[in-house]
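All heavy atoms count here, side chains included; hydrogens, waters and symmetry mates do not. Here is how names work: the chains are called A, B, and so on, in the same order as the sequence lines, proteins then strands, and each is numbered from 1.
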Amino acid sequence: MTRALRSILMPLAAAVIAMIIGAIIVSALGYNPVQVYGSLISGAFVGSFNLGNTLAGAIPLILAGLGVALAFRAGLFNIGAEGQYWMGAIAATWCGIHFHTLPGWLHTLVCLVAAMLAGALWGGVIPGLAKAYLGAHEVITTMMLSYISILFVKYLIEGGPLQETGSTPQSPAVDAAAQLRQIMPPSELTTGIFIALLAAVVVWWLLQHTTMGFQLRAVGFNQRASRYAGIRVPLYTVLALGLSGVLAGLAGAVQLLGVDTRLYDSFSAQYGYTAIVVALLARNHPFGVILAAIFFSALSNGGQNMQQVSGVPASLTDVLTGLIVFFVATERLLPTIGAWFRRRRRGQHTIATPAQGGASE
Amino acid sequence: MSVLASPQLWASTLAMAVPLALPALGGTFSERTGVVNIAMEGIMLVGAFFAVTFAYYTGSAWLGLLIALVMGAIVAAIFAWAAIRLAADQVVLGMAVNIFAAGLTAFLLDTIFGYTGTPPNTPQLPSVDIPFLDHIPFIGAILSHQSILLYVMLVLVVLSHWFLFHTKLGLRMRAVGENPLAADTVGLNVWRLRYLGVIIGGVLSALGGAYLSIGILHSFDVGMTGGRGYIALAAMIFGKWTPFGAFGASLLFGFANALAIALQGHGVSPNLLQMLPYALTILALCGLVGRSTPPAADGIPYEPRR
């Protein structure tokens, strides 16, 4: 119980501390922090248009965030969800502008499955095999593959095979029948939200209620012990990164079929990177991912409104995000500061324990 | 082929290698002491921004450079404190620094300079004409008229190699990155040496950022590092965590970039050429192009109080 409570309180504390520092920054610059945050919140949640867009923005973050979280649970850091997201979007685009004779639902399904396979290849097969058999660290390989996939997209749409006729660097739009339906017009929210929620349930069930999920978590918890217990660690390395890629690829497809409908070079908005932050804040829990995704989507959508209404640059939200990640990473920050204060308060009266190892600070 | 014979290509290869080699050297220092550093991108941005800002307000590009290096050191010190003292996950921390730096520099650019960006009359660091080289036809065009930071970078590569591999302190720093427990046992201060590695790394990364903003230009743009910090990370790995290796890899990656630009409109996709650094790095990590093995304790926090 206390463990569960801690895992909710710590991320919350990180977010709150970051918001307080943000308030101090904007106050120092002469703005009213209540008004600034007010405009941020109303831009994110008030009215069906804003609320719909916040939920729409959360969809790719939920899916890619689930992917990153799943890999984390197996002890693997998929920092390249961005690349798998792009590969998914490429596959969905290619399928979406071909196969015109398929019925709409099947066309959509083909696009989604192709995207998941592309994501699995980019996230699982290449880095997974490289990690399991050649010892190449997944942080570097997935990161490098991200940059390759972004350049690959540019190649495809700047004079390459996916460029629409004309001179604009973009792909043709996918068939209207293959696109996901809007459910809250005029906002961008589509049926993709159901795909995202379903994915969260599936990931939760997979991790908590299947043998595969148990073994996957065991590998993440203690690789050596898992190997002694007879778990095939290389298999689970490929599997975890592969499923991670499946989810990130799906994120790209859902965003493409639901919102953008075509590939162009600023299609992503860094969802793959924010997904890492989402997984961290959610402490890799599938349902926590949903909440964290909505939080970061709200921050980004509300930030635009904040800039218009109160004049504070929207990039403040990136400052806040960076601080949140910092505080989530430094779990020991508060205990360390607490111990330092206690030492100082008692300082003069007790004999200081001799410093060991000459720790410098 | 005629492209390869143009001195312009080789001059821009060198110029493009500078903002890769400096942070790659910095990363080498950090990781050699055992702290994984992916924060080069963010620290470069901080360096680039403060270099321009203080160059403008003090009227001196050199003072701007100085402040940029100090800011790089401060950001690196905070990163180091969290990574070393608080034993936080170094990759996550690096991400935090990168996100924070991107946000902070964009935020400050808007609040200090408004939407028009940095003023056009910001001073710039000088370029250097080398008297004798100047008159040699091909070589002169390549090596002369470059930013002074290019020559500083060349000196730093040699110095770093000497420092890491031929001084007592360098040996100690490497020892801490390979086996901190053994280093601690013989009386080395693991934490202090790691702080040193990370902070040197921060200063060098900030220098790379300043090269972009006041070395070859005299302005700052949002996200102007354009992922060079990550290419530098690749260069560090491809260079097997050595200064000369990092420099060589930076030259190769700079060449890929310069070639991509030179070949524009020649039927070769520049995008495909620019994949080269990333693809080579993956192959090197897999042991397919000369195996790259990181320092043994890279990324593992050390706790002396056990």
Side-chain angles (χ1 to χ4, degrees), chain A residues 25 29 77 79 126-127 129-130 133-137 139-141 143-156 158-160 273-274 276-277 280 307 312-333 335-336 355-361, chain B residues 36 38 42 78 81-83 85-93 95-111 184 189-192 195 222 227 230-231 233-234 237 269-275 277-282 284-288 292-294 299 304-305:
Chain A
I25 295 174
L29 291 170
F77 196 160
I79 206 170
I126 302 173
L129 289 177
Y133 295 103
L134 299 167
H137 203 291
V139 165
I140 308 296
T141 53
M143 182 193 285
M144 298 297 140
L145 284 168
S146 275
Y147 284 99
I148 292 179
S149 63
I150 291 164
L151 289 165
F152 185 51
V153 169
K154 284 192 176 170
Y155 157 75
L156 289 174
E158 289 173 7
Y273 296 113
T274 312
I276 300 167
V277 182
L280 287 168
Q307 178 159 337
V312 174
S315 42
L316 177 71
T317 58
D318 290 333
V319 176
L320 296 179
T321 307
L323 288 171
I324 291 172
V325 180
F326 183 86
F327 292 126
V328 168
T330 53
E331 304 179 78
R332 289 198 201 167
L333 183 64
T336 306
Q356 290 168 22
S360 59
E361 273 149 74
Chain B
V36 163
I38 66 162
I78 297 170
W81 177 71
R85 180 71 179 79
L86 301 179
D89 186 297
Q90 293 160 11
V91 175
V92 176
L93 273 181
M95 274 190 51
V97 170
N98 291 340
I99 298 171
F100 178 78
L104 183 77
T105 51
F107 181 78
L108 289 178
L109 182 69
D110 275 356
T111 40
D184 195 3
N189 187 326
V190 176
W191 283 7
R192 197 172 292 167
Y195 273 107
V222 171
Y230 295 110
I231 306 185
L233 183 75
I237 296 166
S269 163
N271 295 315
L272 292 182
L273 259 174
Q274 282 169 342
M275 289 180 187
Y278 309 113
L280 281 176
T281 304
I282 294 174
L285 269 180
C286 291
L288 303 175
S292 288
T293 314
R305 284 160 206 255

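- Both the backbone and the side chain of B:Ala279 come within contact range of chain A, with heavy atoms under 4.5 Å apart.
- A donor-acceptor pair under 3.5 Å is formed between the side chain of B:Gln90 and the backbone N or O of B:Val36.
- Comparing B:Val91, B:Ile38, B:Asn271 by heavy-atom pairs within less than 4.5 Å of chain A, the highest count is held by B:Asn271.
- Of the listed residues (B:Met95, B:Gln274, B:Met275), the greatest number of heavy-atom pairs within a distance under 4.5 Å of chain A belongs to B:Met275.
- Only the side chain of A:Ile25 comes within contact range of chain B, with at least one heavy atom under 4.5 Å from a heavy atom of that chain.
- Proximity to chain A (any heavy atom under 4.5 Å) is shown, for B:Leu109, by neither the backbone nor the side chain.
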If you look only at distance, which donor and acceptor atoms sit under 3.5 Å apart when one is on a side chain in residues 316-325 of chain A and the other is two or more places apart or in another chain?
from     : atom 1 : to       : atom 2 : distance (Å)
A:Thr317 : OG1    : A:Ala314 : O      : 2.8
A:Thr321 : OG1    : A:Thr317 : O      : 2.8

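- Contact between B:Asn98 and B:Gly42 at its shortest, heavy atoms only, is OD1-N, 2.8 Å.
- A:Tyr133 does not touch chain B: none of its heavy atoms, backbone or side chain, sits under 4.5 Å away.
- Of the two parts of A:Val328, neither the backbone nor the side chain holds a non-hydrogen atom closer than 4.5 Å to a non-hydrogen atom of chain B.
- When atom types are taken as modelled, the side chain of B:Asp184 and the backbone of B:Asn189 share no donor-acceptor pair closer than 3.5 angstrom.
- Ranked by heavy-atom pairs shorter than 4.5 Å toward chain B, the options A:His137, A:Met144, A:Glu158, A:Lys154 are led by A:Met144.
- In terms of the ring pair (Phe, Tyr, Trp, His ring centres under 6.0 Å) criterion, residue partners of B:Tyr278 (sequence neighbours excluded) are, by chain and number, A:Tyr147.
- If you measure heavy-atom distances from A:Leu29 to chain B, the contacts under 4.5 Å come from the side chain alone.
- Of all the heavy atoms in A:Ser146 and A:Tyr273, the pair that sits closest is CB-OH, 4.2 Å.
- A distance-only check finds no donor-acceptor pair linking the side chain of B:Asp89 to the backbone of A:Ala329 [under 3.5 Å].
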